[in-house]
Structures are given as C-alpha cells and as structure tokens.
Amino acid sequence: MNYLHRIFIALAVCLAGFAANAQTSLKDAYKDAFKMGVAIGRMQISGRVPQATDLVLQHFNSISPENDMKPEVIHPNPDTWNFGPADDYCKFGRDHGLHVHAHTLVWHNQTPDFFWNHADGTTKSHDELVETMRNYIETVCKHFNGKVDSWDVLNEVIGEYGEYRDKGWIHAFGGDGELVARLAFQFAQQYCDPDIELYYNDFNAWRPAKVDGICKMVEMLRANGIRIDGIGIQGHWGLNYPKTEYIEQAIERYSALGLKVMITELDVDVLPVTKEAQVFGQSLSDPMYQLEEFMEFLNPYKDGLPDEVEDQHAQRYAELFQIFYKYRDKIDRVTLWGLQDGNSWKNGYPVARRTNYPLLFKRDYSPHKALDAVLRVPSEAQRVIPRLQ
Ligand code: GLA
C-alpha cells in the first residue's frame with residue numbers, strides 16, 4: 001500500500017467517524033450497549049412543548065416517571081386512587097415502543113403519612129402495616145401489569161455504612177429493615193406479571209460499605225426464595241465525585257451476584273459543595289444559606305455557565321460514559337434524571353433557588369458540549385485503525 005493510499009484510508013475513517021457523530025442520537029450511539037433512558041413528567045408527554053417531546057423520542061428508548069408513579073401521587077389519601085397521570089405516561093411509552101420503567105413502590109419519601117400512622121397520629125400495628133403494604137402493592141402492580149416493563153420495588157433503604165435506614169416503613173416496623181425488604185419484594189413478586197423485572201434502587205450505591213449492605217440484602221432475599229432482578233445505581237453525581245474506581249467496583253460486585261445493573265438517575269452537579277459529594281437531608285435548606293454572601297458562593301453561575309466549566313462538565317460526562325461503555329455487558333440501562341437543566345431537581349435541592357447545569361440539554365433545549373462528548377464514546381472506543389502493511 002502506498003503512502004497516499006494510507007493517508008486516504010485514515011482520512012476516510014476520520015470522516016466516517018465525524019459523520020456518524022453528527023447524525024447519531026444517544027439511543028443509536030449506544031444501541032449495541034444498553035438502553036438510553038430519561039426521566040419525564042406530564043410536560044414532555046402532553047406535547048405542550050414539542051421540542052421536549054421530540055428530543056425524548058429522538059434520543060431515548062426508555063422512560064422513567066419522575067414523579068407520577070410515587071405513592072403520594074397514586075394514593076394521596078386513604079380514599080383516593082389516582083392512576084391518570086401514570087396511565088398517560090405508560091401509554092406514551094407503549095405508543096412509541098419505549099421501555100417503560102415504573103418508580104417506585106416502597107420508599108420513605110413522597111409517601112403519605114397515613115401509610116404508617118392512624119389519623120390520630122398513633123402508629124399502625126404490625127398487622128395493619130403488612131396489610132397496608134400488601135394492599136398498595138397488589139392494587140398498583142395489578143393496575144400496571146401489561147403496561148410497564150420493570151419496577152423499582154424498594155428505594156433507598158440502605159445507609160452510608162451499609163445499615164438499614166430507620167425511616168418511613170422501616171421506622172414504622174420498629175427498625176426491621178430486613179422485614180421491609182422481604183415484604184416489598186415478596187408482594188411485588190406475587191402481584192406483578194412474571195416478566196416484569198424487579199429492582200432495588202439507591203443513591204451512593206457505589207460507596208463500598210453501602211455496596212456491602214445492598215449485596216447482603218440481596219443474599220438475604222434469595223436465601224428466603226425471593227426474586228430480585230437488578231440494582232439501580234442512581235447516579236446523582238458531581239464534577240468531582242465519585243471516584244471512577246468506586247463506580248467500576250460497584251458494577252462488578254452487583255453483576256457478580258447475577259444482577260442486572262442500571263445507572264438510573266444520572267445528573268452531574270457543577271455547583272459549589274454539591275459537585276464534591278451528594279448532600280442529603282435538610283441541612284442546606286436553612287434560610288440562612290439564602291443570604292447574599294452565601295448565595296454568591298453557592299450559586300455562582302446564575303447568568304450562564306463559564307466555558308471552562310462547560311468543558312469540565314463535558315469531560316466528566318465522557319469519563320462516566322467511558323466506564324458505562326466498558327461495562328456494557330453488565331449494564332442494562334443508563335437513565336438521565338431529566339431532559340434539560342431547567343427542569344432538574346438540582347436547582348432546588350439541597351440548596352433552594354440555584355441555577356444548576358446537570359443534564360445533557362440546556363434550558364433552551366440546545367445540547368451541552370457533553371452531548372457530543374457522550375455520543376463520541378462508542379465510536380472512539382471501537383474505531384478500527386486499518387492495519388498498515
Ligand atoms: C431520589 C428518587 C427520585 C427523585 C430524586 C430527586 O433519587 O429516587 O425519584 O425523587 O431523589 O429528584
């Protein structure tokens with residue numbers, strides 16, 4: 001092969017790469033790797049903002065309901081069942097041939113107090129609690145059988161040191177986390193169609209001690225003959241955390257148990273404090289942090305994201321998708337927690353009224369640099385350099 005011929009081939013490979021990147025969508029770029037998902041709400045489904053609906057359908061083949069399948073929406077008070085918004089969500093998914101994920105049955109947040117307590121404030125008895133959970137899971141699972149493909153059965157019950165968290169259901173059951181996990185998965189297995197996959201989902205599910213706790217819970221469920229199909233690693237991450245090796249180790253450990261691994265709620269926080277670690281609880285919602293001097297520090301990009309941070313954001317997304325792509329035989333789905341920055345919960349939590357930039361699309365629906373960086377990962381990893389002779 002002569003010199004010119006070699007240059008020609010190298011150029012053709014580069015151009016093919018660029019062309020593919022220019023045209024491709026996330027779901028096409030990752031079609032041989034894993035499903036690409038996004039959390040949506042009524043706005044994207046209603047078609048009120050056509051740009052939003054178009055972007056969802058262009059880039060994603062899986063959806064998660066940001067809020068409409070949580071207990072406070074589905075069963076806001078003892079006499080009301082409200083399936084309308086979730087039915088619209090499922091119909092949107094089915095109409096467009098998307099994987100329809102359901103989220104979430106048993107959780108301590110966004111669950112009305114009557115699940116655990118009587119109207120007079122006294123705690124329900126053990127048997128009343130079991131019956132409340134059984135009835136809720138039976139009603140909800142049966143309603144959505146045939147409409148959804150997977151359920152987050154249990155959300156966020158393991159703490160940072162691998163212990164069960166004494167909140168919500170677990171608190172009501174006197175701290176017995178194993179009981180809550182067993183009941184939740186047992187009832188889900190009993191009332192969901194057998195082809196619906198049943199998952200556990202949690203934040204900081206990369207932290208080694210927390211991974212230990214989650215794996216122990218999985219083994220406990222299996223020792224009791226109860227099915228669990230996968231683990232959702234939430235992915236509320238930041239520019240500077242978690243360390244990539246922790247993510248890799250967690251994927252390997254869940255997968256070694258024969259579980260599917262999902263990255264379920266991905267966003268990348270770029271703001272002070274929360275780009276360093278996930279802050280949970282109410283500490284930073286104290287009104288004191290709304291004072292001018294704090295806000296100047298905590299909310300530095302209210303007029304726009306500086307180029308250098310835009311680059312860091314793209315770099316971080318690329319780094320994360322390089323890991324996901326490397327582990328594509330173990331990862332079943334990667335879901336962004338929202339479509340564009342303006343809708344993200346990260347603008348209001350844990351500090352109120354900030355301007356964050358955690359997603360792949362900006363407030364005007366144009367892409368961040370991160371989109372292109374993410375789109376390039378598979379083609380760059382797989383680019384075949386022709387063998388020169
Ligand atoms: C958790 C829940 C999600 C959502 C986020 C914040 O991660 O699993 O449903 O509420 O918190 O938006």
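Read the numbers this way: they start at 1 and go in the same order the structure lists the ligands and their atoms.
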- Query: Within 45 degrees of the axis of the six-membered ring of F115 and under 6.0 Å from its centre: does K124 put its NZ or CZ there?
  - Reply: no
- Item | Closest protein heavy atom (residue, atom, distance) for atom 11 (O) of ligand 1 | E265 OE1, 4.0 Å
- Item | Location of contacts on F203 toward ligand 1, heavy atoms closer than 4.0 Å | neither
- In this structure, which one of K70, R42, H103 forms a side-chain contact (heavy atoms from CB on, under 4.5 Å) with P65? H103
- Item | Heavy-atom nearest option to atom 4 (C) of ligand 1, drawn from M69, K70, Q110 | K70
- Task: Determine, using ring centers only, whether H368 and Y317 are less than 6.0 Å apart.
- Result: no
- For ligand 1, is Y349 a contact, meaning one of its heavy atoms is under 4.0 Å away? no
- Message: Consider side-chain contact (heavy atoms from CB on, under 4.5 Å). Of V180, I170, L179, which one does Y164 pass it with?
- Response: I170
- Query: Of all the atoms in ligand 1, which lie at a distance below 4.0 Å from a heavy atom belonging to N155?
  - Reply: 2 (C), 8 (O)
- Message: So if I count the atoms of ligand 1 from 1 in the order they appear, which ones are less than 4.0 Å from some heavy atom of H103?
- Response: 2 (C), 3 (C), 8 (O), 9 (O)
- Message: Regarding D341 and K346, does a basic nitrogen lie under 4.0 Å from an acidic carboxylate oxygen?
- Response: no
- Message: Between E248 and K326, does any side-chain N to carboxylate O distance fall below 4.0 Å?
- Response: yes
- Short list, please: which atoms of ligand 1 are under 4.0 Å from a heavy atom of W345? 6 (C), 12 (O)
